[in-house]
Amino acid sequence: MSVQAKEVIQRRQEATNPLLEFQQQLREVCELLRYSPSVYELLKEPLRFFTVRIPVRMDDGTTKVFTGYRAQHNDAVGPTKGGIRFHPEVTAEEVKALAGWMSLKCGIADLPYGGGKGGVVCDPREMSTAELERLSRGYVRAVSQIVGPTKDIPAPDVFTNPQIMAWMMDEYSEIREFESPGFITGKPLVLGGSVGRETATSKGVYHIFNLVTERKGMLPQDARVIIQGFGNVGSYLAKFLHEQGVKIVGIGDANGAIYDEAGLDIPYLLERRDSFGVVTQLFADRITNQELLERPCDILIPAALGGQITAENAGRLSCRIVIEAANGPTTAEAERMLQERGIIVVPDILANSGGVIVSYFEWVQNNQGYYWDEATVDKMLREKMEGSFRKAYETAEQYSVDMRKAVYMVAVKRLAEAARVRGWAN
Ligand code: GLU
């Protein structure tokens with residue numbers, strides 16, 4: 001593992017426990033909304049959490065047992081929904097927090113879902129395609145009783161992709177003995193995927209970028225942007241922004257980062273990146289991810305893993321706005337420090353909700369068996385992102401709170417209302 005990759009992991013581990021951060025925010029919002037303690041009690045942890053162990057035959061003939069998780073935060077509004085990540089640093093606490101954040105994402109976007117999340121502790125960069133297929137199928141066999149098109153619908157997340165979704169859908173359909181495209185989203189088009197799903201998270205961040213620059217009276221073309229992460233989200237985002245004439249001055253990946261005040265050659269980087277989004281090894285003048293975050297820019301977009309902006313480096317950030325494309329990149333303490341410095345943070349649960357929004361469109365298309373064209377999906381996504389942004393912005397103004405709290409408020413209200421009419425909270 002490279003020094004930079006170790007550095008990224010170490011920073012994540014030193015950052016505060018994401019579940020405690022979720023609970024802290026939730027408690028504050030429940031108090032602000034004057035809810036009875038029963039609402040906080042209901043929402044502070046997933047309603048269901050599963051740990052599974054998955055034996056997988058490796059190519060060398062040995063067997064390895066992997067640990068996997070699935071969290072279902074709350075299904076008062078509808079079935080749970082959320083991705084599955086394959087990553088060596090996956091932990092139970094992280095999966096629980098991510099499931100809670102998915103509930104909030106579905107809430108602000110007004111989708112008929114609660115939040116779910118899955119993870120497997122593994123390193124796909126060190127596994128063959130055949131091993132990855134056996135692991136994906138093994139995960140589905142392990143959780144098959146608790147997931148399904150009307151129960152809990154998985155999707156891609158860090159280091160999982162349409163091919164993995166295809167194996168998982170195939171395995172689930174075999175177990176259930178009927179074709180079940182609505183069991184999982186982010187599938188290849190030929191298996192019932194939706195046009196626009198692969199680029200949806202980036203497109204959503206791109207819309208937020210335009211909305212927030214407009215509100216702040218900035219011309220997008222004048223903004224200097226740094227994107228940390230060049231995977232599915234970071235790379236498409238770089239492409240969309242570059243096509244709009246935005247100057248991208250820095251990008252980072254698991255190997256390191258590059259920065260150029262004059263702007264980077266985005267088409268070249270897109271062409272040379274590998275399937276895990278790594279490209280910076282081609283450059284001799286590489287800097288570390290830590291240095292990248294602190295380089296001057298107008299808009300900093302973390303699009304990699306959680307726990308990147310911490311109390312340790314928040315004081316040295318040199319940007320005006322942070323747009324969180326990754327899940328949980330800023331710790332609560334760091335966010336407070338950024339606020340004191342007048343730096344706006346557009347939270348993940350709003351900024352990166354494009355992925356789950358188009359996942360919802362995919363699921364609707366699977367259920368109705370009729371598929372929309374790209375222009376329709378694009379337009380519907382833009383309208384959803386604009387609606388969410390407006391709701392968050394107006395709530396923030398009305399209650400004089402930051403945007404993260406505003407999103408929590410809108411989403412928790414909806415969850416609490418559904419829970420109350422079901423008799424789950426008072
Ligand atoms: N994994 C993505 C997220 O964190 C997408 C989830 C989905 O499409 O269900 O939002």
Side-chain angles (χ1 to χ4, degrees), residues 18 22 46 69-75 77-87 90 94-120 147-162 164-165 168-169 181-188 192-205 208 229 231-234 236-237 302-306 323-329 346-366 377 380-381 384-385 388 407 411:
F22 168 74
Y69 305 107
R70 186 75 194 166
Q72 300 173 344
H73 177 254
N74 193 284
D75 52 9
V77 172
T80 46
K81 177 97 193 77
I84 300 168
R85 61 175 56 184
F86 282 4
H87 197 273
V90 165
E94 181 188 52
V95 173
K96 288 180 187 177
L98 287 162
W101 288 329
M102 281 309 301
S103 278
L104 305 175
K105 264 187 229 184
C106 295
I108 185 75
D110 214 8
L111 309 180
Y113 297 133
K117 195 66 144 206
V120 177
V147 291
T150 53
K151 278 191 196 170
D152 182 14
I153 305 128
D157 198 86
V158 175
F159 288 165
T160 51
N161 57 25
I164 291 176
M165 301 302 110
M168 290 187 168
M169 194 278 261
F183 151 66
I184 201 161
T185 58
K187 300 178 292 294
S194 175
V195 287
R197 175 61 187 87
E198 198 175 343
T199 54
T201 310
S202 321
K203 252 304 160 56
V205 179
I208 293 293
N232 177 272
V233 179
Y236 280 119
L237 179 62
L305 294 170
I323 301 179
E324 295 184 332
N327 287 312
V346 185
D348 47 5
I349 42 182
L350 169 66
N352 72 22
S353 59
V356 71
I357 290 171
V358 179
S359 273
Y360 166 59
F361 298 158
E362 180 173 331
W363 182 76
V364 170
Q365 292 170 87
N366 294 148
V377 172
M380 285 165 55
L381 170 63
K384 276 268 181 215
M385 295 305 302
S388 299
V407 174

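All ligand and atom numbering here is 1-based and tracks the order in the structure.
- Contact record, Val77 with Leu111: CG1-O, 4.1 Å, taken as the closest heavy-atom pair.
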**Q.** Criterion side chain to side chain donor-acceptor pair (under 3.5 Å) on Glu198 and Tyr236, from CA distance to verdict
**A.** CA-CA 9 Å; Glu198 198 175 343; Tyr236 280 119; 3.3 Å; yes
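- Listed by atom number, the atoms of ligand 1 under 4.0 Å from Gly83 heavy atoms are 1 (N), 6 (C).
- Screening Val95, Asp157, Thr160 for a side chain to side chain contact (heavy atoms under 4.5 Å, CB included) involving Arg85 leaves a single residue, Asp157.
- Applying the 4.0 Å criterion to heavy atoms of Lys105 picks out, from ligand 1, the atoms 3 (C), 4 (O), 10 (O).
- Of all the listed residues (Gly354, Ala155, Ser353, Gly204), Ala155 holds the heavy atom that lies closest to atom 7 (C) of ligand 1.
- Atoms of ligand 1 found under 4.0 Å from any heavy atom of Lys117 (numbered from 1 in listed order, with element): 1 (N), 3 (C), 4 (O).
- With a 4.0 Å heavy-atom cut-off, ligand 1 is reached by no atom of Leu98.
- Note: Phe22 and Trp101 have perpendicular aromatic rings, judged against thresholds of 30 and 60 degrees for the angle between ring planes.
- Rounding to the nearest 0.5 Å gives a distance of 11.5 Å between CG of Leu237 and CG of Asn352.
- Counting only heavy atoms from C-beta outward, the side chains of Ile84 and Arg70 approach each other to under 4.5 Å.
- Not close to ligand 1: Gly116, with no non-hydrogen atom less than 4.0 angstrom away.
- Below 4.0 Å from some heavy atom of Met102 lie the following atoms of ligand 1, by number and element: 3 (C), 4 (O), 6 (C), 10 (O).
- Residue Gly355 approaches ligand 1 through these ligand atoms, each under 4.0 Å from one of its heavy atoms: 8 (O).
- Arg197 and Ser359 share a donor-acceptor pair across their side chains, judged by distance under 3.5 Å alone.
- Where the criterion is an N or O separation shorter than 3.5 Å, residue side chain and backbone included, Ser359 meets it with respect to ligand 1.
- Distances shorter than 4.0 angstrom do not occur between any heavy atom of Arg85 and any atom of ligand 1.
- Distances between N or O atoms of Lys81 and those of ligand 1 include at least one value under 3.5 Å.
- Taken from NZ in Lys105 to CG in Leu98, the straight-line distance is 7.5 Å, to the nearest 0.5 Å.
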Q: Give the C-alpha distance, both sets of side-chain angles, the deciding distance and a yes or no for side-chain contact (heavy atoms from CB on, under 4.5 Å) between Glu94 and Tyr69.
A: CA-CA 10 Å; Glu94 181 188 52; Tyr69 305 107; over 6 Å; no
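- Regarding atom 5 (C) of ligand 1, its nearest protein heavy-atom neighbour is Arg197 NH2, 3.6 Å.
- Close approach to Pro156 involves these atoms of ligand 1, each under 4.0 Å from a residue heavy atom: 1 (N), 2 (C), 5 (C).
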